[in-house]
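Everything numeric here is computed off the predicted structure, so don't read it as measured data. Counting starts at 1 for both ligands and their atoms, in listed order.
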Amino acid sequence: MKFTKMHGIGNDYVYVNCFHEVVEDPVGLSKKISDRHFGVGSDGLILILPSEIADCKMRIFNADGSEAQMCGNGIRCVAKYVYDHALVRKNPLTVETLAGIKTIELYTKNERVCSARVNMGRPKLMRPEIPMVGAETQVVDEMLVLNENTSFRVTCVSMGNPHCVIFVDDLKQLHIEKDGKAIEHHRVFPERTNVHFVKVHHPGEVTMVTWERGSGITLACGTGASAVCVAGVLNNLTERKLLAHLPGGDLELEWVEDENVYMTGAAAEVFTGEWLL
Ligand SMILES: N[C@H](CCC[C@H](N)C(=O)O)C(=O)O
């Protein structure tokens with residue numbers, strides 16, 4: 001099976017062009033191919049497929065094989081792949097996801113996509129104990145208690161996939177492996193959750209680190225940065241236009257009043273290969 005390795009500011013996935021390939025068991029393949037020693041090494045697997053209702057379709061599987069509703073860094077790479085490889089020569093183009101159809105505006109250089117602006121759709125605010133899908137739109141700013149010594153004030157936002165946003169004074173004081181994992185699997189998140197710790201520098205700029213549902217620590221999370229933009233506004237900490245610094249690079253976010261969130265960032269194709277297992 002041919003694959004292409006791509007990343008969105010360091011959030012790296014193995015991409016398979018399912019216009020030409022068939023993947024029988026994406027759950028099992030994602031677990032194997034994501035392994036950084038016995039596989040290709042990635043944050044997960046993304047299938048690029050034909051669609052009846054959009055220009056193409058994206059399915060994203062985390063490194064543990066679980067399928068996510070949406071992937072912000074991944075969808076920029078999907079748009080780059082289908083445009084650069086002439087599967088879809090349109091700008092803007094649309095991608096079908098489990099979180100609905102997304103529209104992506106492409107920025108090109110010498111006919112190749114270098115970055116993109118994604119309409120991430122409307123955020124859903126939710127109470128942690130209510131499953132994400134169809135959650136009530138209610139602002140949450142609750143204490144999440146991990147144990148007698150550890151609790152966090154959380155704001156939970158769904159971008160089609162679940163995000164738990166925590167604003168902190170000092171990112172260096174974090175125990176992201178321990179606390180990120182504990183929050184991901186906390187009983188109030190029946191579908192688990194992505195977890196983001198955020199330091200606000202000023203109302204237009206933050207730095208964030210992420211523990212991803214099903215993949216652990218990643219260098220970036222596009223849906224997560226979108227959720228951080230929403231949570232910052234709801235907590236009166238940030239403006240509707242936000243520059244987010246993530247370990248792998250920067251994303252520009254904008255939550256248009258009463259409407260959609262827009263995310264802009266780079267997309268890169270690194271190498272192609274043949275999966276033999
Ligand atoms: N890295 C992706 C998010 C993957 C989300 C996945 N970890 C989940 O929701 O289970 C992004 O850039 O949005």
Item to complete: Answer yes or no for Arg89 and Tyr83: cation-pi contact, defined as NZ/CZ to six-membered ring centre under 6.0 Å and angle to ring axis within 45°.
Response: yes

Worksheet item: Quick one: CD1 on Ile104 to CG on Asn119, what's the gap to the nearest 0.5 Å?
Response: 9.0 Å

Which N/O atoms of ligand 1 sit under 3.5 Å from a protein N/O, and at what distances?
| residue | atom | partner | partner atom | Å |
| --- | --- | --- | --- | --- |
| ligand 1 | 1 (N) | Asn11 | OD1 | 2.6 |
| ligand 1 | 1 (N) | Tyr13 | OH | 2.9 |
| ligand 1 | 1 (N) | Glu212 | OE1 | 3.3 |
| ligand 1 | 1 (N) | Glu212 | OE2 | 2.6 |
| ligand 1 | 7 (N) | Asn62 | OD1 | 3.0 |
| ligand 1 | 7 (N) | Asn194 | OD1 | 3.0 |
| ligand 1 | 7 (N) | Glu212 | OE1 | 2.8 |
| ligand 1 | 7 (N) | Arg213 | O | 2.9 |
| ligand 1 | 9 (O) | Asn161 | ND2 | 3.0 |
| ligand 1 | 9 (O) | Asn194 | ND2 | 2.9 |
| ligand 1 | 9 (O) | Arg213 | NH2 | 3.1 |
| ligand 1 | 10 (O) | Asn62 | ND2 | 2.9 |
| ligand 1 | 10 (O) | Arg213 | NE | 2.6 |
| ligand 1 | 10 (O) | Arg213 | NH2 | 3.2 |
| ligand 1 | 12 (O) | Asn11 | OD1 | 3.2 |
| ligand 1 | 12 (O) | Gly72 | N | 3.4 |
| ligand 1 | 12 (O) | Asn73 | N | 3.0 |
| ligand 1 | 12 (O) | Asn73 | ND2 | 3.1 |
| ligand 1 | 12 (O) | Gly222 | N | 2.7 |
| ligand 1 | 13 (O) | Gly72 | N | 2.8 |
| ligand 1 | 13 (O) | Gly222 | N | 3.4 |
| ligand 1 | 13 (O) | Thr223 | N | 2.8 |
| ligand 1 | 13 (O) | Thr223 | OG1 | 2.6 |

Discussion item. I need the single residue from Ser30, Ser34, Cys71 that forms a side-chain contact (heavy atoms from CB on, under 4.5 Å) with Phe61. Which is it?
Written reply: Ser30

Discussion item. Just by distance, no angles: are the side chains of Glu212 and His163 close enough, under 3.5 Å, to form a donor-acceptor pair?
Written reply: no

Worksheet item: Using 30° and 60° as the class limits, which term best fits the ring planes of His245 and His201: parallel, tilted or perpendicular?
Response: tilted

Fill in: Whether His186 and Phe189 hold their rings parallel, tilted or perpendicular, with breakpoints at 30° and 60°
perpendicular

